[in-house]
Amino acid sequence: MKPDRGVGHYLRDIVYGALDGVITTLAVVSGVSGAALAPEIGLILGLANLFGDGFSMGASNYLGLVSELSQRGVSKDVEKPLRHGLATMLAFMVFGAVPLTAYLFPGAMAPRFAAAALLALVALVALGILRARYVEKSRWRSTLEVVAIAVLAGAAAYSTGAITAYFVR
């Protein structure tokens, strides 16, 4: 059987980047909301997260794959690690930008956070459906797995923001 060189070949990189992109962006805005900070801070920190963490994830995936190939004595030309790093970075930035779009419009913090959470859910459902196309799981199960991880991370970030704000104020 011929190896898949399309989306399926980069599925690990896409799922890794997209899930972390949504989770960390939602975690940033969850922490900002939990600490009752200004919505502009959510946008600033969210954008910094998208670009800084997106680049870091892509570069780390690239370097990790180069290290693994080197350890196994395999040429990087065989696997094209740069493409895997770019897939991770782009998935992180595209999916991570979805919940952040709620902060591009004026309004109070609570409605923006609710909109960000809803947009994150939409992005996670899309990721779960995409993932299900390539793995032996139903759309529901695949989606439930990515949503559960995101909910736990968001709750941790929100709680951390709220608790920290309580003690520092």
Side-chain angles (χ1 to χ4, degrees), residues 6-62 82-135 137-165:
V7 170
H9 182 73
Y10 299 97
L11 184 63
R12 178 191 66 147
D13 311 305
I14 292 168
V15 170
Y16 177 54
L19 184 57
D20 198 59
V22 173
I23 288 174
T24 59
T25 302
L26 190 59
V28 166
V29 297
S30 294
V32 168
S33 181
L37 301 175
E40 295 80 14
I41 294 173
L43 180 61
I44 293 166
L45 293 177
L47 286 171
N49 174 69
L50 275 182
F51 289 94
D53 202 9
F55 176 81
S56 175
M57 294 246 337
S60 296
N61 190 19
Y62 166 81
L82 182 59
R83 290 183 184 176
H84 288 272
L86 288 173
T88 300
M89 183 180 76
L90 291 174
F92 182 98
M93 294 177 81
V94 168
F95 277 79
V98 173
L100 197 56
T101 59
Y103 288 80
L104 297 176
F105 305 101
M109 185 62 175
R112 286 184 189 195
F113 176 65
L118 181 61
L119 289 167
L121 180 60
V122 169
L124 292 165
V125 168
L127 178 61
I129 291 170
L130 171 70
R131 181 175 170 254
R133 289 183 62 191
Y134 297 94
V135 298
K137 291 186 180 185
S138 71
R139 289 178 179 178
W140 286 106
R141 172 111 186 239
S142 179
T143 299
L144 183 60
E145 288 174 346
V146 297
V147 169
I149 292 168
V151 166
L152 291 171
Y158 185 90
S159 300
T160 301
I163 292 167
T164 304

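Position 1 is the first residue of the sequence; numbering continues from there.
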Within-4.5 Å side-chain heavy-atom neighbours: L100 and N49:
no

Taking every heavy atom of A102 against every heavy atom of A115, the minimum-distance pair comes out as CB-CB, 3.7 Å

Do L11 and V135 touch side chain to side chain, with heavy atoms closer than 4.5 Å?
yes

Side chains of P99 and R112 in contact at under 4.5 Å (non-hydrogen atoms):
no

Residue pair V29 / A116: nearest heavy atoms and the distance that separates them
CG2-CB, 4.3 Å

Set of side chain to side chain donor-acceptor pair (under 3.5 Å) partners for T143, sequence neighbours left out
none

Any side-chain donor paired with an acceptor under 3.5 Å for D13 and H84?
yes

Is there a side-chain contact between L127 and V22 in this structure, where contact means two heavy atoms from C-beta onward sitting under 4.5 Å apart?
no

With a 4.5 Å limit on heavy-atom distance, are the side chains of K137 and L144 in contact?
no

Which heavy atom in F92 sits nearest to a heavy atom in L50, and how many Å separate them?
CE2-O, 3.6 Å

Of all residues at least two apart in sequence or in a different chain, which pass the side chain to side chain donor-acceptor pair (under 3.5 Å) check with D20?
none

L47 and Y103, any side-chain heavy atoms less than 4.5 Å apart:
no

Do I149 and I23 come close enough that some side-chain heavy atom pair is under 4.5 Å?
yes

Which residues pass the salt bridge (charged side-chain N to carboxylate O under 4.0 Å, His left out) test with R141, sequence neighbours left out?
E145

How about Y16 and M57: do any of their side-chain heavy atoms sit closer than 4.5 Å?
yes

Minimum heavy-atom distance M89-F55, with the two atoms named
SD-CA, 3.9 Å

Which pair of heavy atoms, one from I41 and one from L37, lies closest together, and at what distance?
CD1-CB, 4.1 Å

